[in-house]
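The block underneath contains the structure these notes are about, expressed in structure tokens.
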Amino acid sequence: MIISPKEAIKLQKELADKIIEQNMFEKIDYIAGVDVSQPAFMQQGILYAAVCILSFPELELVEQVHHFQETDFPYIPGLLAFREAPVIINALEKVKTKPDIIIADGHGISHPRKLGIASHIGVLTGHITIGCAKSILVGKPEKELPPKKGSYVPLIYHNKIIGNVLRTKDKVNPVYVSIGNKITLDKATEIVLACTTKYRLPEPTRLAHQYANYARKNNLKS
DNA sequence: GCGACAG
DNA sequence: ATCTTGTCGC
Ligand SMILES: [Mg+2]
């Protein structure tokens, strides 16, 4: 029962209606970063997912887990979640320290059908999620982005604001922040910036990427 | 029909 | 996404 791209698109349209664009949290003590690592140019193969839990606002690593499994779904722009979300969700179930917010490496509602991987994970798990992508899938920046860290401009698609283009480091390419689930764009942007130190990517996602890569290269089991 | 196109 | 050392710019 391998879901087809056509069925995947239909499912995205249904799940998109379940997204809540309001802050559904009160306190933020722990933030998780999730990402996936895979062998070069392997459409079919094993995917390693990593979840890094950081204390907030200290940003100290308090727990990290990984999980790996085979995949059959190829990478198709717009359908990334059907390839990466399964292993990520399984990894999340191994975590002891339940995160208040999850930041995913990819888009949230800044997606052709409003259901990028961050929203996909949010709707399926009920978690509060934020999308933080490294490049644009759809939309265009409203105007030129100033070079200073902390500056941001709206990401526009069909004349609507779907996210924010955020500069997380002086004179370095920005990241694209969007609502995943149960949070507002303003709060999501504020949190991503608060999670940023000396690198382009926010610490949760940066560390998850690093650990997923480490787990895969060292054939970590479990 | 053509071009764009997260990771 | 990943491969992979040195090298250029701030
Ligand atoms: Mg990734």
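Because the structure is predicted, anything quoted here is derived from the model rather than measured. In the text below, chain A, chain B and the rest are named by the order of the sequence lines, each starting its count at 1.
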Is the closest basic N to carboxylate O distance between A:Glu203 and A:Arg206 below 4.0 Å?
yes
Using 30° and 60° as the class limits, which term best fits the ring planes of A:Phe73 and A:Phe82: parallel, tilted or perpendicular?
tilted
Result for side chain to side chain contact (heavy atoms under 4.5 Å, CB included) between A:Ile102 and one of A:Leu92, A:Ile130, A:Ile128 points to A:Leu92
Remember a base hit wins even if backbone is also touched, and classify A:His120 as base, sugar-phosphate or nothing at under 4.0 Å, heavy atoms.
nothing
Within the pair A:Ser110 and B:dA6, is there a side-chain N or O less than 4.0 Å away from OP1 or OP2?
no
With a 4.0 Å cut-off on heavy atoms, is A:Leu79 in touch with a base, just the backbone sugar-phosphate, or nothing at all?
base
Starting at atom NZ of A:Lys134, determine the distance to atom P of B:dG7, rounded to an integer number of angstrom.
4 Å
Checking A:Pro141, A:Pro174, A:Pro154 against A:Asn164 for side chain to side chain contact (heavy atoms under 4.5 Å, CB included), the one that qualifies is A:Pro154
DNA chain C: 5'-most and 3'-most nucleotides touching chain A, 4.0 angstrom heavy-atom criterion
C:dA1 to C:dC10
Distance check needed: B:dA6 C1' versus A:Tyr157 OH, whole Å only.
13 Å
Atom-to-atom span, CG of A:Asn173 to C1' of B:dA6 - whole angstrom
15 Å
Which is true for A:Gly78 with a 4.0 Å heavy-atom rule: it touches a base, it touches only sugar-phosphate, or it touches nothing?
base
Select base, sugar-phosphate, or nothing to describe what A:Lys140 touches, counting heavy atoms under 4.0 Å on all strands.
nothing
Whole-Å distance between B:dG7 P and A:Gln43 CD?
15 Å
For B:dA6, take OP1 and OP2 only and decide whether either is under 4.0 Å from a side-chain N or O of A:Tyr176.
no
Reckon A:Ile117 touches a base, only the sugar-phosphate, or nothing at all at heavy-atom distances under 4.0 Å?
base
How close or far is atom C1' of B:dC5 from atom NE2 of A:His107, stated in whole angstroms?
11 Å
Can you check the A:Ile130 CD1 to B:dA6 P distance for me, whole Å?
21 Å
Tell me the closest heavy-atom pair linking A:Asn181 and A:His127, and the distance in Å.
ND2-O, 3.5 Å
Side chains of A:Asn213 and A:Ser37: do they bring a donor and an acceptor to under 3.5 Å?
yes
Nearest heavy atom decides the nucleotide; on that basis, is A:Lys171 or A:Lys217 closer to the 5' end of DNA chain C?
A:Lys217
Would you tell me whether A:Ser178 and A:Ser110 have side-chain atoms, one donor and one acceptor, within less than 3.5 Å of each other?
yes
Just the rounded figure in Å: distance from P of B:dA6 to CD1 of A:Ile9.
15 Å
I need the CD-C1' distance between A:Gln12 and B:dC5, as an integer number of Å.
14 Å
So what does A:Asp170 touch, heavy atoms closer than 4.0 Å: a base, only the sugar-phosphate, or nothing?
nothing
